[in-house]
Amino acid sequence: MKLDRMIGILSILLQKEKVTAPYLAEKFEVSRRTINRDIEALCMAGIPLVTEPGQNGGVSIMEGYKIDRTLLSASDMQAILAGLRSLDSVSGTNRYAQLMEKLSAGASNLLAGDTHILIDLSSWYRDSITPKIEILHAALLSGRKVSFLYFSPKGQSSRTIEPYDLIFQWASWYVWGWCDCREDYRLFKLNRMTDLEVKESFEKRSPPLPDFDQEKVFPYAYQVKARIQPAYKWRLVEEFGPESFTEQPDGTLLFSFGFTDKTSIIGWIASFGDGAELLEPPELRHDILAFAEGISKKYLET
């Protein structure tokens with residue numbers, strides 16, 4: 001990409017007094033003509049670059065021009081590298097790390113420092129998620145619609161969207177786009193999408209940023225209170241945080257949190273076996289009893 005290459009050229013010039021156009025062309029795997037256009041663009045952006053012909057010539061930043069040569073410190077570069085490695089964990093390649101090497105050309109020592117921050121965004125579904133990310137990313141860059149089957153608690157539906165953003169949120173991947181069916185912007189979870197197909201081009205809109213307030217994306221329909229046995233404290237801390245419960249004098253945990261639907265509540269309470277008791281809302285206690293009786297009947301019949 002042109003912007004990546006121009007940043008890379010500027011980074012090299014900040015770290016080297018002078019470089020040649022052939023050196024830059026080889027480094028970024030483009031023609032000398034492309035490098036010359038990039039240099040002109042940098043000059044137009046206000047960076048005074050000087051091109052000197054001859055055997056000892058090359059491209060440099062104008063002498064006396066004040067520019068911070070520590071634009072990216074070692075810690076800055078290491079933080080960027082950690083982020084780029086996280087993208088490689090999704091793409092299944094090392095292209096983002098290679099980009100980092102280009103941006104840090106001439107200062108490889110900046111990459112040899114702290115490599116102890118490891119971010120893996122691929123989750124347990126890497127084999128299925130990675131192709132979807134590649135398809136959607138290519139479609140949103142080229143301005144093409146994508147159709148797919150979508151599976152949600154409300155059922156299965158066929159959707160076609162104009163993709164605008166890929167988002168990693170709540171430990172899952174989502175795509176934000178304009179849904180032709182709903183005629184509005186929607187957030188779709190990639191794990192629920194199948195049969196993706198790239199369709200016709202579309203004229204890009206000016207989409208708003210999605211509002212990630214959890215209560216807006218997953219509005220609470222039920223406020224749950226439950227008594228949880230202390231052996232399951234780790235689950236409450238992991239899933240909802242330590243502020244989601246208070247310890248009682250008898251050692252049990254009084255849990256309080258919002259849920260979006262009744263099915264989630266019943267399944268969540270049932271997952272504790274006899275280690276949890278739903279207190280509120282009281283009307284759902286009957287649904288949990290019916291669920292338990294249905295399970296019991298099914299296994300007694302066999």
Side-chain angles (χ1 to χ4, degrees), residues 1-119 133-144 163-166 198 201 203-204 206:
M1 294 176 61
K2 182 178 179 180
L3 180 59
D4 294 337
R5 191 171 59 249
M6 290 174 65
I7 294 173
I9 292 172
L10 180 57
S11 178
I12 290 173
L13 291 174
L14 287 172
Q15 299 166 53
K16 294 178 176 289
E17 292 296 331
K18 186 185 296 183
V19 295
T20 65
Y23 170 85
L24 294 173
E26 182 180 356
K27 175 65 67 175
F28 295 101
E29 301 175 351
V30 295
S31 67
R32 286 187 60 179
R33 180 176 296 180
T34 298
I35 292 297
N36 290 335
R37 286 199 295 264
D38 290 341
I39 291 172
E40 291 176 4
L42 285 169
C43 289
M44 292 177 63
I47 306 297
L49 302 183
V50 178
T51 302
E52 300 177 36
Q55 184 175 359
N56 297 319
V59 183
S60 61
I61 297 175
M62 181 182 293
E63 186 176 354
Y65 181 74
K66 299 297 183 182
I67 188 166
D68 185 5
R69 290 180 180 271
T70 60
L71 181 64
L72 293 175
S73 66
S75 60
D76 292 335
M77 297 287 270
Q78 289 157 9
I80 293 171
L81 180 58
L84 292 175
R85 282 199 187 109
S86 72
L87 294 177
D88 280 338
S89 73
V90 175
S91 68
T93 69
N94 63 344
R95 67 185 183 204
Y96 294 101
Q98 290 173 347
L99 168 61
M100 186 63 184
E101 290 177 2
K102 291 180 180 180
L103 295 180
S104 61
S108 58
N109 60 301
L110 294 182
L111 296 180
D114 182 6
T115 58
H116 303 295
I117 299 177
L118 305 176
I119 305 171
I133 290 176
E134 293 294 305
I135 291 171
L136 290 166
H137 189 218
L140 67 87
L141 289 178
S142 60
R144 298 174 69 88
Y164 287 103
D165 294 289
L166 280 165
V198 178
S201 300
E203 184 175 347
K204 292 189 176 182
S206 298

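Here the structure is a predicted model, which is why all the values come from computation and not from measurement.
The backbone N or O of Val30 sits nowhere less than 3.5 Å from a side-chain atom of Thr34 that would complete a donor-acceptor pair. For Lys204 (side chain) and Leu140 (main-chain N/O), a donor-acceptor pair under 3.5 Å exists by modelled atom type.
The line from CG of Leu42 to CZ of Arg37 is 13.5 Å long, rounded to the nearest 0.5 Å. Rounded to the nearest 0.5 angstrom, Ser142 OG and His137 NE2 are separated by 10.0 Å. The distance from atom CD1 of Ile9 to atom CZ of Phe28, rounded to the nearest 0.5 Å, is 5.5 Å. Interatomic distance, Arg144 CZ to Leu136 CG, rounded to the nearest 0.5 Å: 13.5 Å.
Closest approach of Leu13 and Val59 over heavy atoms only: CD2-O, 3.5 Å. Between Gly57 and Thr20, the shortest heavy-atom distance links the atoms O-CG2, 3.9 Å.
Val50 meets the side-chain contact (heavy atoms from CB on, under 4.5 Å) test with Glu52, Ser60, Met62; sequence neighbours excluded. Residues satisfying the side-chain contact (heavy atoms from CB on, under 4.5 Å) criterion with Ile133, sequence neighbours excluded, are Val90, Ile129, Leu166, Trp173, Leu190. Remark: Thr51 pairs with no residue by the side chain to side chain donor-acceptor pair (under 3.5 Å) rule, at least two apart or across chains.
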